[in-house]
Student: 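Here you go, one structure.
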Amino acid sequence: MSNEQLTINNNSTIPEGSYIGGGLMRKKIVAGNWKMNKSFFEAEELISDIAEELETIDLNDTEVVVCPPFVYLEMATDIASDSNIRVGAQNVNDHDSGAFTGEISAPMLKSLEVDYSIIGHSERRKYFSEDYAFLRRKVDAVLNHDIQPIFCCGEILPEREAGKHFEIVRNQLEESLFHLPAEKFLRVVIAYEPVWAIGTGVNATPGQAQEMHAFIRRMVAEKYNFNVAEETSILYGGSCNAKNARELFACPDVDGGLIGGASLKSDEFIQIVKSL
Ligand code: PGA
């Protein structure tokens, strides 16, 4: 690690190496993104099984989050209220209420005691054309109702191959998150999800994940300050499973995972939780 000094925007300086992988105060999180899967009864069984198995584990400070489809959120928060599980939504609208047929708002989620919402998942960016400005408004909407965004960022394969992955992630964060004042930014969880790793079985190597997570933390330090960067949880997502979770989570700047396919089976999800 170099001894170079990093100047941050409050005019103080910190030694560059000291904030990379400090891991002092931030929360460790494993979140399951169920996407558009499971019937009601299957979903009920899955969350019940997870709740039961979590009772036998010493979680320390690890937070376990499940993000089922909207229609199962009430059932999920009911079961979660007697357990260590926190519940997140997979999406949210940027308005609080109104004529937006088929949409779900942050106050609605809050009324069901939902704690998190995924925002900016690459599937929503791609299939639903969600752009930077829309995502910025969604981030504001959830924070106004005390729901924590799990904000996803990450490059597609041609962008990585062209060496543009840092630039892409930088833009995603600058355009949709960095308008926030520090006290609000502290409520944000970031998930780095290289799109080429999502659902492909090809995860980022621990080296690739650590490199990007350290880059993100450094950006946060430059934008806000050292403490904010140290307190920001940065999750890895993309083909994370029971086999590779331990080595990914061992990276000093990887604070947990956003898990898709491997969160659909309670045994595997619990193995991943135990890896953190
Ligand atoms: P995956 O999905 O674990 O199935 O790759 C991760 C995600 O999309 O959040």
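Any value given below was found using the heavy atoms of this structure, including those in side chains, with hydrogens, waters and symmetry copies removed. Counting starts at 1 for both ligands and their atoms, following the listed order.
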Student: Under 3.5 Å, which donor-acceptor pairs link side chains of residues 257-267 to any protein atom two or more places apart or in another chain?
Tutor:
{"residue": "S263", "atom": "OG", "partner": "I259", "partner atom": "O", "Å": "3.1"}
{"residue": "S263", "atom": "OG", "partner": "G260", "partner atom": "O", "Å": "2.7"}

Student: Would you mind listing each N/O atom of ligand 1 next to any protein N/O under 3.5 Å, plus the distance?
Tutor:
{"residue": "ligand 1", "atom": "2 (O)", "partner": "K35", "partner atom": "NZ", "Å": "3.3"}
{"residue": "ligand 1", "atom": "3 (O)", "partner": "G260", "partner atom": "N", "Å": "2.8"}
{"residue": "ligand 1", "atom": "4 (O)", "partner": "G261", "partner atom": "N", "Å": "2.8"}
{"residue": "ligand 1", "atom": "5 (O)", "partner": "G199", "partner atom": "N", "Å": "2.7"}
{"residue": "ligand 1", "atom": "5 (O)", "partner": "S239", "partner atom": "N", "Å": "2.8"}
{"residue": "ligand 1", "atom": "8 (O)", "partner": "K35", "partner atom": "NZ", "Å": "2.7"}
{"residue": "ligand 1", "atom": "8 (O)", "partner": "H121", "partner atom": "NE2", "Å": "2.6"}
{"residue": "ligand 1", "atom": "9 (O)", "partner": "H121", "partner atom": "NE2", "Å": "3.3"}
{"residue": "ligand 1", "atom": "9 (O)", "partner": "E193", "partner atom": "OE1", "Å": "3.3"}
{"residue": "ligand 1", "atom": "9 (O)", "partner": "E193", "partner atom": "OE2", "Å": "2.6"}

Student: Would you mind checking if R187 and D146 are paired as a salt bridge, meaning a charged N to carboxylate O distance below 4.0 Å?
Tutor: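 Salt bridge between D146 and R187, a charged N being under 4.0 Å from a carboxylate O: yes.
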Student: Is there a path of hydrophobic side-chain contacts, each under 4.5 Å between heavy atoms of I, L, V, M, F, W or Y residues, that connects I79 with L73?
Tutor: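 Per the 4.5 Å side-chain linkage, I79 and L73 are co-clustered.
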Student: Looking at SG of C153 and CD1 of I190, how far apart are the two atoms once the value is rounded to the nearest 0.5 Å?
Tutor: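 If we round to the nearest 0.5 Å, C153:SG and I190:CD1 are 6.0 Å apart.
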Student: Sequence neighbours excluded and cut-off under 3.5 Å, please list the side-chain donor-acceptor pairs for residues 54-62, or say none.
Tutor:
{"residue": "T56", "atom": "OG1", "partner": "E53", "partner atom": "O", "Å": "2.6"}
{"residue": "D58", "atom": "OD1", "partner": "N60", "partner atom": "N", "Å": "3.3"}
{"residue": "T62", "atom": "OG1", "partner": "L59", "partner atom": "O", "Å": "3.4"}

Student: Looking at residues at least two apart in the chain, or sitting in another chain, which of them share a ring-ring contact (aromatic ring centres under 6.0 Å, His included) with F151?
Tutor: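 Scan of F151 (ring-ring contact (aromatic ring centres under 6.0 Å, His included), adjacent residues dropped) gives none.
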